[in-house]
Structures are given as structure tokens and as C-alpha cells.
> 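Here it is, the structure, as C-alpha cells.
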Amino acid sequence: MRDKYCGDVRETDVGSTLSLTGWANRWRDHGGLVFIDLRDRSGVVQIVFSPEVDAEIHELAHKIRNEFVLQVKGEVRKRPEGTENPSIPTGQVEVVVKELNVLNESKPLPFMIEDETEASELLRLRHRYLDLRRPVIRENIILRHKTARAVREYLDSQGFLEVETPVLTKSTPEGARDYLVASRTNPGHFYALPQSPQLFKQILMVSGLEKYYQIVKCFRDEDLRADRQPEFTQIDLEMSFVKRDDVISLIDEMIKKVFKDVLGKELNEPFARLKYSEAMERFGSDKPDLRFSLELKDVSGLVKESSFKVFLDTLSNGGIVKGLNAKGLARYSRKELDDLTKEVQSFGAKGLAWIKAKKGFESPIAKFFPEQTLKAVADRLEAEEGDLMLFVADKPQVVNDTLARLRQELGGRLELIKDDVYKLAWITDYPLFEWNDEEKRYEAMHHPFTSPMEEDLEMFLSMDTSELQTPDSKLSSIQAQAYDIVLNGYEIGGGSIRIHKKAVQDRMFEMLKISPEEADTKFGFLLEALEYGAPPHGGIALGLDRLVMILAGAQSIRDVIAFPKTQKAVCPLSNAPSSVDEKQLKELHIRSLHVEPDQD
RNA sequence: GGGGUGGUAGUUCAGCUGGUUAGAACGCUGGCCUGUCAAGCCAGAGGUCGCGGGUUCAAGUCCCGUCCACCCCGCCA
């Protein structure tokens, strides 16, 4: 139906007659001349209707409205001197229409098709087909395609096989809440949608496929965030006969190719490597945004020299005091400091102590500290006149967590975060276990198939299991062969070297207080597979949505997903989820406990 | 489950200490207009003020409840 895409028409086409198709993006009707921007996926080109060229077609052109679908045939000509539009690629030319075919009409739109839309997100999602016509969103979708393509090309070049794994699968314990699918043929039984293809990809390694990957939907029935959807896409891969650094260097190269292919950007400096403990110490987070420093400093040792009860009590109860230097913010008013305090409290801290470095030190708590202590603290934080020092005292976890959030907030306020800068980091040497205080047991920090560090293996296998009752046992010192990759403060991926020996896996379940019977029902198929010559293997999964969001400079993964869901996990376009017929439920052997409220 | 912000024309918003005819811009409809590209000018249509209840002579405005959207905590790697 067409000879060319609208956005591709150039001066080299001048003189030729072209058929073009697209949508009427905007029309400018002068009574005499009518200009219409014809838009397709590639961009826009101006088409002109003149009464002198064809009076009948010109008459028809008056009737064209926004988003009418047109096919036109006309001669490309250079625009008259002075009427060129340098702001669009096709701005030197226009198409004089000699044939017009209105392929479809459009009702007036609920919102305008333009980049700077003012429409609410709900309205945009309800009419996503219109939203996707907006160039910014369209470009995000194209960017996503390019990312996936770069990944496929790269992994293919490295000998990876794309293998599909089941979507109707088995509910697994630990981790997120499952989406369940009732089985018609097996009354009372349910499939779960996969939270990840974890078990299957390990089985593929036992199968001898050596290198597997998949760009695959995963499902987790948890509450949503700007960077979390109930269904999301992972770049999932697994390799046999590898060590941690084999996986890391593979992904390094893959990420570099993605940046090059998608953004045309060379990532030259090697990605940072931080041990988990170091990341927590310096940034209070295992996904630090390394685009700025603003590091946390432990001042526990220094502030012992004081009579400030809050700090002293915290320290004697095993807590710590850490602070950071908000450069130049000594000018903050009492109100601004109160607001920061409230913010930190909303993150879980009891309070926020502040000391302004001016000629002297200005602070409600300064009087509790000897002068040399204040100086020593200021030295530790490298505070100069005009700076604001902020401190949180609490259990290490609370201190790190709240200061990490405060750091991110201040990074924004101090304009330390630049767009167009991409800082990648590997976080390694994670603890294998994490104490769950509610359930009074250890949980796997990554997942229960993660291998302990080789040097910790003997202790792992031999230690007294009576230690499992307490949060401070030797168990917390065992490290995992796990690694996360972090981009600009977002965790974009994580993986590990897996356990490939049955005895080690059994031991792991014992540590997690999962009985052999339970382990057998939940993932007996993997355990059995491990007994038949499972090779050493490991892998990683990257969040495609988050990666593309960052590449696109978007604020939410919803902007890089064609049909996203709202915070209540509803699709405004299709209105899923919805109620179903009683008959369908009956076939599935299930009954809903929910009673629809009366609608009088 | 909890905290915060918002919900008024098709859209984005304004609407004060409650006061009788709820406004603006864009969009839409009609007219004029031969070089616009956010076209311009003139005229017009368009409202369940999210929903339910309450207080009041009187509610977009005050109170209670509820629904929806977004951000965050919990939850989730």
C-alpha cells in the first residue's frame, strides 16, 4: 500500500511520486492550502492539499480530523524557501497530494497524541493503543525490542540455546506469593505460574545442554511499585562448568553490547566490584547508586566520647552510629531539618541527629560532645564550613537502611545524580543465610539452591545444627557464591553458582528447617536429578523491564511495557481480572469465598 | 495491612472563611482564511463537581464512610 515510511522521505525523493500511509497527526486548514502531518511508526511528513492541484481532493481534505487513517499518493517536492521545518528530519520536503484514500475515520480522542501529554496514566492505559502511538512510548517499545535483540544476538554468539520452560508449573515455597491456576483434570490441584524458571534451568544443566537462556515472563503475586509488576520479564540464563567470574564476565560483555547497540554508548571502565559487607558499610545498601559518592561513615568509635544518652545507649545495646555529610546544607532551616527527620522516621529510624559545621558547630546535641570529638567526627565526614552532618543511631540494619534512603534523597536534592551516566556494579560475597526474626529461623538470602563459598563448605557440612535456633550463630558468617548486578541504584539482576551435589542440597534444607519429606514433595524432581551426574553450574537472571526503563530514562517500568497493570494489578485496557461464570468455577472444582456487594 | 498526594467539562486544572448563573486553557462543532508546522481569527456546544450518607436555610467547599489512580512502607530479589 505504500512505497516508503513517512519519516524516511528526504530531499533525494524530490520529483518522485510516492504512496504513503499513516495517521493524520495534526491538520492545519488554511481554507486554501491544507497541511497535514502524516505519521507512521517512523515519524511524520507534511502532506499538502491545494485547490489548484485538485479541487475535489482539496475539498475532501477539509473533512480530515486527528487520527484519520490515510493513504495518499503525491509528488515529493522541496518546500518553498523559508517554509522548511528544521526541527523534523523530513522538514525540507513535503508531498503534494494527488490521490487521497481515507482508509478509516476516528472519533475525537480522549487525549492528544503528543509526547508531552497531560493525560493521566489511567486514561492512557485505558486507551493504551492511543498511548502507544505517542512517539515517546513507541520509542520505548522499540528500545525494548533492540535490547532483547542485542541479548539474543550476544547469547547466540556465545553458544547459548533458547529453551522454553513450562508456564503451568509447580508452586514452590520460599520467595513470593504464587499465582495459582486451578486444574480441571486434577480436582483440588493447582498449577503455579513460575516466579522464575529456576528449577527447570538447573534441570537443563543436568540434561547436558550446557548453556541455556530464555527471555521469559515471571509472575509474583506481591504488591506493585514503580519498578515492580506482577508479571515481568527476565533475561534468564544458566551455564555448566563455570565459576562465578565466568558468569560475571559473560554478563559484563552482554551489558556492554546492549549499551552499544541500543544507546550507541561504549562502557569503557570496568564495572565496580563491591563485597556485600563493603557495600553495606559504605552505602548502607546492596544496590548503591554509584553515580555519586556521599558515603556513610561509621562514627560509633568517636561518639563514645560524649554524654549524649541516645548514642551511648544505642552503642551499649549493640547498635551503631553512622552519618553522612550533606555538602553545603548548613543553610537548612529548622523546618527543612524537621522534614528530613520525618522522612528518616518514615523509613524506620527513631530520629535524625544533625550538626551544622559553621564557624563552630551548631546543633541541639553539640553540648553533649567535647570539642575534640566534634572535630574528629567532622574530620571523619570530611565536613567543611557550610556542611550539614546527619546521623542515625540504631541497630545496624536500621541505620544502614535509613541512611541509604537519605543518601539517595540528598543525592537528588544536591543534584549529584546526572542523567546519561551509567554506573554498573557487581555486589558479591553475600551471606548465605538471613535470620527471619518472625519465624525464628534462617532463610536463604538468595534462594535455597545457592552454593556456599568453597572455603565455607566444610563448616557448612559439619557444623552443629543446634545453632540454627539463634540469630548470631556461625551460620550467619557463611558466605554464598551469589552475585547481584546493580545499575544506577537499581538491582537489575542476580544469580549464583548452584549446589550440584545432593548431600549439600539436603544439608541446605536441613539448615532452612525444611524436612526431607517437604523438600521431596516440593522439589523432589530436582533433588533426584542431582543424583544423576549433575555438573557444576550457575547462572543469573536480569530484569529486562528495569534494564530497559533505565536505558529509556523512564521513571517507571510501566512506560516500557506495552500493556502494564495498575497498582492494584488491574489491566485498565482489558479490565482483567474479572469475575467468571459459575460454570467455569464448577469445572475447576473451586468456589469463590468473595461475595459481591449488593448493587441496589 | 499502613502513610502520603490527588479525583470538578472530552483533557489538564482554578474555584478563598459554605451563598444561589461552577470558570480557564487545550480539545470538539460551525464559519472565515493560500505557507502552516502547538497555525490564526470569530462564534458555539459541552458538567451526576468519583460514589454513598450526614450537618446546614444553603455543600464542589464542612463531617463520616467508600471506591479509584499514583508515590512510599510492609511484602517482593
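Numbered from 1 within each chain, the chains take letters A, B, ... in sequence-line order.
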> Pick the P atom in rU12(B) and in rU55(B), then give their distance to the nearest Å.
34 Å
> Pick the P atom in rU20(B) and in rA59(B), then give their distance to the nearest Å.
12 Å
> Please state how far atom CD in E94(A) lies from atom P in rG35(B), giving the value in whole angstrom units.
12 Å
> With rounding to whole Å, what would you report as the distance between rU56(B) and rC13(B) at their P atoms?
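Looking at atom P only, rU56(B) and rC13(B) are 35 Å apart.
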> Pick the C1' atom in rC57(B) and in rG47(B), then give their distance to the nearest Å.
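Per the computed distance, 25 Å lies between those C1' atoms.
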> Mind jotting down which residue pairs meet the ring pair (Phe, Tyr, Trp, His ring centres under 6.0 Å) criterion with at least one end in residues 29-48 of chain A? Sequence neighbours excluded, please.
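Qualifying pairs, neighbours excluded: H30(A)-F35(A).
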> Using whole Å, report how far CD1 of I113(A) lies from C1' of rG10(B).
13 Å
> Hey, which of these two, D223(A) or L109(A), hits RNA chain B nearer its 5' end, going by closest nucleotide?
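The residue mapped nearer the 5' terminus is L109(A).
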> Just to confirm, is there a sub-4.0 Å distance from OP1 or OP2 of rC28(B) to any side-chain nitrogen or oxygen of N66(A)?
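It does, given that an N or O in the side chain of N66(A) lies less than 4.0 Å from OP1 or OP2 of rC28(B).
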> Quick check on rC68(B): is either OP1 or OP2 less than 4.0 Å from any side-chain nitrogen or oxygen of K568(A)?
yes
> Can you check side-chain contact (heavy atoms from CB on, under 4.5 Å) on Y430(A) and T450(A), steps first, answer last?
CA-CA 11 Å; Y430(A) 277 84; T450(A) 299; over 6 Å; no
> Using whole Å, what does the distance between atom C1' of nucleotide rU36(B) and atom CZ of R77(A) come to?
13 Å
> Please report the distance separating the C1' of rG18(B) from the corresponding atom of rC49(B), rounded so that it comes out in whole Å.
15 Å
> Output all residues satisfying side-chain hydrogen bond (donor to acceptor under 3.5 Å, both in side chains) with D227(A), sequence neighbours left out; order by chain, then residue number.
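So D227(A) forms no side-chain hydrogen bond (donor to acceptor under 3.5 Å, both in side chains) with any residue.
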> Using atom C1' in both nucleotides, what's the gap between rA58(B) and rG19(B) to the nearest angstrom?
7 Å
> Should the side chain of E343(A) and the base of rG4(B) be counted as holding a donor-acceptor pair, with the cut-off at 3.5 Å?
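When only heavy-atom distances are counted, E343(A) does not reach the base of rG4(B) through any donor-acceptor pair under 3.5 Å.
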> If you only use heavy atoms from C-beta on, which nucleotide in rU34(B), rC37(B), rC73(B) is closest to the side chain of R225(A)?
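Ranking rU34(B), rC37(B), rC73(B) by closest atom to the R225(A) side chain puts rC73(B) first.
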> Could you check R498(A), Q202(A), K201(A) and say which one makes a side-chain hydrogen bond (donor to acceptor under 3.5 Å, both in side chains) with H537(A)?
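Checked R498(A), Q202(A), K201(A) against H537(A); only one passes side-chain hydrogen bond (donor to acceptor under 3.5 Å, both in side chains): Q202(A).
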> Let's see if you can work this out: which of rG35(B), rA77(B), rU34(B) has an atom nearest to the side-chain heavy atoms of M445(A)?
rA77(B)
> If you take atom types as modelled and just measure distance, does the side chain of R405(A) reach the base of rC72(B) with a donor-acceptor pair under 3.5 Å?
no
> Check ring-ring contact (aromatic ring centres under 6.0 Å, His included) between F292(A) and all other residues, then give those that pass, not counting sequence neighbours.
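Once residues adjacent in sequence are excluded, F292(A) has no partner under the ring-ring contact (aromatic ring centres under 6.0 Å, His included) criterion.
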> Given atom NZ of K342(A) and atom C1' of rC73(B), what is their separation to the nearest angstrom?
17 Å
> When you match E52(A) and P108(A) each to their closest nucleotide on RNA chain B, which lands nearer the 5' end?
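Residue closer to the 5' terminus by nearest nucleotide: P108(A).
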> Under the rule for ring-ring contact (aromatic ring centres under 6.0 Å, His included), what residues qualify as partners of Y422(A), not counting sequence neighbours?
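F259(A).
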> Are R441(A) and M511(A) close enough that some pair of their side-chain heavy atoms sits under 4.5 Å apart?
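Side-chain contact under 4.5 Å: no.
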> Tell me whether R405(A) forms a cation-pi arrangement with F347(A), defined as NZ or CZ under 6.0 Å from the six-membered ring centre and within 45 degrees of its axis.
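Yes, R405(A) sits over the ring of F347(A).
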> Using the P atom as the point on both nucleotides, what is the distance between rC70(B) and rG65(B), in whole Å?
23 Å
> Any strand counts, and the cut-off is 3.5 Å on both contacts for Watson-Crick or G-U wobble. Which nucleotide pairs with rG6(B)?
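With both distances under 3.5 Å, rG6(B) matches rC68(B).
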> Can you give me the closest heavy-atom contact between P110(A) and L123(A), atom names plus distance?
O-CD2, 3.8 Å
> Applying the 5.5 Å / 30° rule, does F111(A) stack onto the base of rU11(B)?
no
> Paired with rC41(B): which nucleotide, if any, by Watson-Crick or G-U wobble criteria at under 3.5 Å for both distances?
rG31(B)
> At a cut-off of 3.5 Å, list every protein nitrogen or oxygen paired with a nitrogen or oxygen from nucleotides 43-45 of chain B, distance to 0.1 Å.
none

> Less than 4.0 Å between a side-chain N and a carboxylate O, is that true for R144(A) and D545(A)?
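Looking at D545(A) and R144(A), the cut-off is met.
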> Taking RNA chain B as the partner, which of residues 119-133 of chain A come within under 4.0 angstrom of it by heavy atom?
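Within residues 119-133 of chain A, the residues near RNA chain B are A119(A), S120(A), E121(A), L122(A), L123(A).
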> At under 4.0 Å between heavy atoms, what does A226(A) touch on the DNA or RNA strands: base, sugar-phosphate, or nothing?
sugar-phosphate
> Looking at V151(A), I492(A), L487(A), which one forms a side chain to side chain contact (heavy atoms under 4.5 Å, CB included) with I255(A)?
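Per the side chain to side chain contact (heavy atoms under 4.5 Å, CB included) rule, the option paired with I255(A) is I492(A), out of V151(A), I492(A), L487(A).
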> Closer than 4.0 Å, any side-chain N/O of Q195(A) to the OP1 or OP2 of rA77(B)?
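Q195(A) to rA77(B) OP1/OP2: side-chain N or O found under 4.0 Å.
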> Looking only at non-hydrogen atoms, find the nearest pair between A326(A) and L410(A) and report the distance.
CB-CD1, 4.0 Å
> In plain terms, say whether D559(A) and R124(A) are close enough for a salt bridge, that is, a side-chain N and a carboxylate O under 4.0 Å apart.
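Yes, this pair counts.
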> Going by side chain to side chain contact (heavy atoms under 4.5 Å, CB included), name the residues that satisfy it together with M280(A), two or more places apart in sequence or in a different chain.
Y276(A), D286(A), N400(A)
> Should the pair R39(A)-E67(A) be classified as a salt bridge under the 4.0 Å nitrogen-to-oxygen rule?
yes
> Atom pairs under 3.5 Å, N or O on each side, protein against nucleotides 22-24 of chain B: can you list them with distances?
none

> Could you give the distance separating rU8(B) and rG30(B) at their P atoms, to the nearest angstrom?
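Per the computed distance, 28 Å lies between those P atoms.
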> Could you tell me whether the phosphate oxygens of rC75(B), OP1 or OP2, come under 4.0 Å of any side-chain nitrogen or oxygen in R228(A)?
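Looking at the OP1 and OP2 atoms of rC75(B), neither is under 4.0 Å from any side-chain N or O of R228(A).
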> Let's see if you can work this out: which of rG35(B), rG10(B), rC75(B) has an atom nearest to the side-chain heavy atoms of P110(A)?
rG10(B)
> Please work out which of the three classes, parallel, tilted or perpendicular, describes the rings of F449(A) and H447(A), given edges at 30° and 60°.
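Plane angle between 30° and 60°, so tilted.
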> So which protein nitrogen or oxygen atoms get under 3.5 Å of nucleotides 38-41 of chain B's nitrogens or oxygens?
{"unit_1": "rA39(B)", "atom_1": "OP1", "unit_2": "R26(A)", "atom_2": "NE", "d": "3.2"}
{"unit_1": "rA39(B)", "atom_1": "OP2", "unit_2": "R26(A)", "atom_2": "NE", "d": "3.2"}
{"unit_1": "rA39(B)", "atom_1": "N6", "unit_2": "D29(A)", "atom_2": "O", "d": "2.6"}

> Looking at residues at least two apart in the chain, or sitting in another chain, which of them share a ring-ring contact (aromatic ring centres under 6.0 Å, His included) with Y213(A)?
none
> Of the nucleotides rA77(B), rU34(B), rC75(B), which one has an atom closest to the side chain of E434(A)?
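Output: rA77(B).
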> For R65(A) and rU29(B), is the shortest distance between a side-chain N/O and OP1 or OP2 below 4.0 Å?
yes
> Listed by chain and number, what are the side chain to side chain contact (heavy atoms under 4.5 Å, CB included) partners of R41(A), not counting sequence neighbours?
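Counting only residues at least two positions away or on another chain, R41(A) forms a side chain to side chain contact (heavy atoms under 4.5 Å, CB included) with R138(A).
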> Under 4.0 Å from any atom of RNA chain B, heavy atoms only: list the residues of residues 545-567 of chain A that qualify, in numerical order.
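Under 4.0 Å from RNA chain B: R558(A), T566(A), Q567(A).
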> Would you name the heavy atoms of R244(A) and Y483(A) that are closest together and state the gap between them?
CG-CD2, 3.3 Å
> In whole angstroms, how far is the P atom of rA69(B) from the CG atom of L224(A)?
10 Å
